[in-house]
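Quick notes on the structure that follows.
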Protein chains: 2
Amino acid sequence: MKVLNKETDYAVRALISLGMKSDGWVSAKALSDEQTIPYQFLRRILQELIRNGLVESKEGAGGGVRLAKEPGLIAVAEVIEIFQGKVQLSECMFRKQLCSNRANCVLRHEIMRIEKMVNQEFSQITIGKLIDDLKAVEAMKG
Amino acid sequence: MKVLNKETDYAVRALISLGMKSDGWVSAKALSDEQTIPYQFLRRILQELIRNGLVESKEGAGGGVRLAKEPGLIAVAEVIEIFQGKVQLSECMFRKQLCSNRANCVLRHEIMRIEKMVNQEFSQITIGKLIDDLKAVEAMKG
DNA sequence: AATTTCTGATACTAATTTAGTATCAGTTAA
DNA sequence: TTAACTGATACTAAATTAGTATCAGAAATT
Ligand code: FES
Ligand code: FES
């Protein structure tokens with residue numbers, strides 16, 4: 001049971017990398033090389049991040065992308081939602097014969113509670129936090 | 001982002017149905033009809049549940065399956081693990097260039113915390129609990 | 001004994017999703 | 001005017017998930 005798919009994974013990595021460079025525009029090519037993410041795949045991911053306002057871009061030579069917000073304001077939960085949608089169970093587990101009615105189903109509520117917890121946790125993990133943690137680890141390593 | 005796949009979903013439904021019948025053996029055919037789960041698919045799922053000791057079976061005419069444990073002792077977490085494996089992120093998010101070393105990575109720990117939380121929650125939801133909730137809802141409906 | 005109703009084991013196909021590729025048009029800087 | 005870039009979008013390949021099929025053997029029924 002994999003929580004993050006490749007798009008989310010690559011997106012987070014790209015965002016971290018961008019967050020660590022405060023200077024100017026970074027081309028998709030450069031990012032792709034640095035993070036060893038397939039170029040065309042990364043392009044599509046970046047375009048999606050741009051559409052969702054996490055990243056901004058500049059066209060033409062010397063152009064590229066950069067974060068559109070402070071790293072501390074970009075939550076991993078947002079990224080997950082962009083590429084994988086909201087967390088949900090499969091279909092209603094007790095449809096047909098067993099399931100009474102969705103609206104006031106106790107089970108469903110219980111499970112949505114878990115969903116909320118997970119989302120809340122992932123909302124607290126921001127790109128900024130990840131960068132800080134990363135730097136801390138690197139410092140420790142010497 | 002779907003949490004449960006069809007196997008887990010069907011498995012849980014089958015377990016609930018079995019848990020609600022305390023009498024004798026239920027054939028895969030009967031279960032399949034009752035829950036509208038594709039017969040062959042359900043067979044495979046039941047076999048897996050049997051291998052994992054959640055269900056026991058009796059061969060031959062008049063045979064079938066039944067729960068091997070009290071419904072209250074079967075956690076949804078177990079079922080998830082059987083059919084979808086342990087909850088995990090994709091690969092290490094910061095391998096190669098960014099990731100220093102897995103062993104003492106702060107981020108990884110944080111994320112494993114979430115994983116544990118989810119598992120813990122799903123461990124508390126047992127088939128027995130689901131049956132109780134279901135019955136409560138049905139009673140309310142009148 | 002023969003037949004029917006069941007599970008055990010396992011191989012297979014189809015559908016869907018995820019991952020990755022390719023292409024062309026347009027923009028900016030040099 | 002050319003090279004280095006993004007925007008948009010269509011496409012293919014690989015992997016996973018969902019579902020099907022088959023055959024052997026066990027117990028109850030006749
Ligand atoms: S599972 Fe369907 S409403 Fe509860
Ligand atoms: S993400 Fe790789 S060890 Fe932290």
Side-chain angles (χ1 to χ4, degrees), chain A residues 1-14 18 24-68 79-80 82-85 88-91, chain B residues 1-14 18 24-68 79-80 82-85 88-91:
Chain A
M1 190 198 228
K2 211 172 279 175
V3 177
L4 305 186
N5 66 16
K6 240 65 172 72
E7 286 183 313
T8 309
D9 184 357
Y10 288 157
V12 171
R13 284 197 235 165
L18 289 176
W25 305 99
V26 181
S27 76
K29 181 69 175 53
L31 251 184
S32 155
D33 287 350
E34 185 195 286
Q35 296 294 320
T36 41
I37 299 173
Y39 174 68
Q40 297 291 0
F41 198 14
L42 176 60
R43 291 272 332 269
R44 248 184 29 203
I45 290 168
L46 288 173
Q47 293 188 353
E48 201 60 39
L49 290 173
I50 291 162
R51 268 180 223 119
N52 284 273
L54 304 196
V55 161
E56 53 196 11
S57 64
K58 184 176 172 233
E59 285 182 85
V65 296
R66 68 179 181 202
L67 292 191
V79 184
I80 295 178
I82 291 172
F83 295 103
Q84 307 182 211
Q88 60 179 204
L89 290 208
S90 61
E91 301 159 38
Chain B
M1 188 197 230
K2 210 171 280 176
V3 177
L4 305 186
N5 66 16
K6 238 67 172 69
E7 286 182 313
T8 309
D9 184 357
Y10 289 156
V12 171
R13 284 197 235 165
L18 289 177
W25 305 100
V26 180
S27 76
K29 180 69 177 53
L31 252 183
S32 155
D33 287 349
E34 185 196 287
Q35 296 293 321
T36 40
I37 299 173
Y39 174 68
Q40 297 292 359
F41 198 13
L42 176 61
R43 292 271 334 267
R44 249 183 31 204
I45 291 168
L46 288 174
Q47 293 187 353
E48 201 61 38
L49 291 173
I50 291 162
R51 269 179 223 119
N52 285 273
L54 305 197
V55 161
E56 53 195 13
S57 64
K58 183 175 173 237
E59 285 182 85
V65 297
R66 68 178 180 202
L67 292 191
V79 185
I80 295 179
I82 291 172
F83 295 102
Q84 307 183 212
Q88 61 180 203
L89 291 205
S90 62
E91 301 158 39

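Given the structure is predicted, the values throughout are model-derived calculations rather than measurements. In what follows, chains are A, B, ... by sequence order, proteins preceding strands, each numbered from 1.
Rounded to a whole Å, the CD atom of A/E48 is 12 Å from the C1' atom of D/dG7. Going from atom OH of B/Y39 over to atom P of D/dT20 covers 13 Å, rounded to whole Å. In this structure, the NZ atom of A/K6 is 12 Å from the P atom of D/dT16, given to the nearest Å. Atom CH2 in B/W25 sits roughly 17 Å away from atom P in D/dA26 (whole-Å rounding). Distance, A/Q40 CD to D/dC11 P: 16 Å, rounded to whole Å. Rounding to whole angstrom units, CD of residue B/E59 and P of C/dC6 are separated by 13 Å. Rounded to an integer number of Å, the gap from CZ of A/R43 to C1' of C/dT27 is 12 Å. The interatomic distance linking A/N5 (CG) with D/dA15 (C1') rounds to 13 Å, in whole Å.
One finds the CD atom of B/E34 at 11.0 Å from the CZ atom of B/R13 (value rounded to the nearest 0.5 Å). The OG1 atom of B/T8 sits 7.0 Å away from the CE atom of A/M1 when rounded to the nearest 0.5 Å. For the atom pair CG (A/L49) and CD (A/E56), the distance works out to 12.5 Å, reported to the nearest 0.5 Å. Atom OG of B/S27 and atom CG of B/L46 lie 10.0 Å apart (nearest 0.5 Å).
The side chain of A/R51 lies closest to D/dT9 when the candidates are C/dA9, D/dG19, D/dT9. Closest to the A/R44 side chain, of the nucleotides C/dT4, D/dA8, D/dA10, is D/dA10. When the nucleotides C/dA19, D/dT20, C/dT5 are ranked by their closest atom to the side chain of B/P38, D/dT20 comes out on top. Picking from C/dA9, D/dT6, D/dA21 the nucleotide with the shortest atom distance to the side chain of A/V65 gives D/dT6. In this structure, the nucleotide among D/dG19, D/dT6, C/dG20 sitting nearest to the side chain of A/S27 is D/dT6. Of the listed nucleotides (C/dA9, C/dA19, D/dA8), C/dA19 has the atom at the smallest distance from the side chain of A/F41.
The residue B/I50 sits close only to the backbone: its heavy atoms come under 4.0 Å of sugar-phosphate atoms, none of a base.
Residue side chain B/E7 does not reach the base of D/dA18 through any donor-acceptor N/O pair under 3.5 Å, judged by distance alone.
OP1 or OP2 of D/dG19 sits under 4.0 Å from a side-chain N or O of B/Y10. Put simply, B/K58 has a side-chain N or O that comes within less than 4.0 Å of OP1 or OP2 on D/dA28. The phosphate of D/dC5 (OP1 or OP2) has no side-chain N or O of A/S57 nearer than 4.0 angstrom.
Between B/L67 and B/V55, the closest side-chain pair of non-hydrogen atoms falls below 4.5 Å.
With hydrogens and angles ignored, the 3.5 Å screen pairs a side-chain donor or acceptor of A/N5 with a backbone N or O of A/E7. For the pair A/S57 (side chain) and A/G64 (backbone), a donor-acceptor distance under 3.5 Å is absent.
Comparing the helix axis at one end of the helix from C/dA1-D/dT30 to C/dA30-D/dT1 with that at the other, each defined from 5 consecutive pairs, gives an inter-axis angle of 10° (nearest 10°).
In terms of position on DNA chain C, the residue among A/G63 and B/G62 whose nearest nucleotide sits closer to the 5' end is B/G62.
Residue A/L31 is tested with A/I37, A/I45, A/V26 for a side-chain contact (heavy atoms from CB on, under 4.5 Å); the sole match is A/V26.
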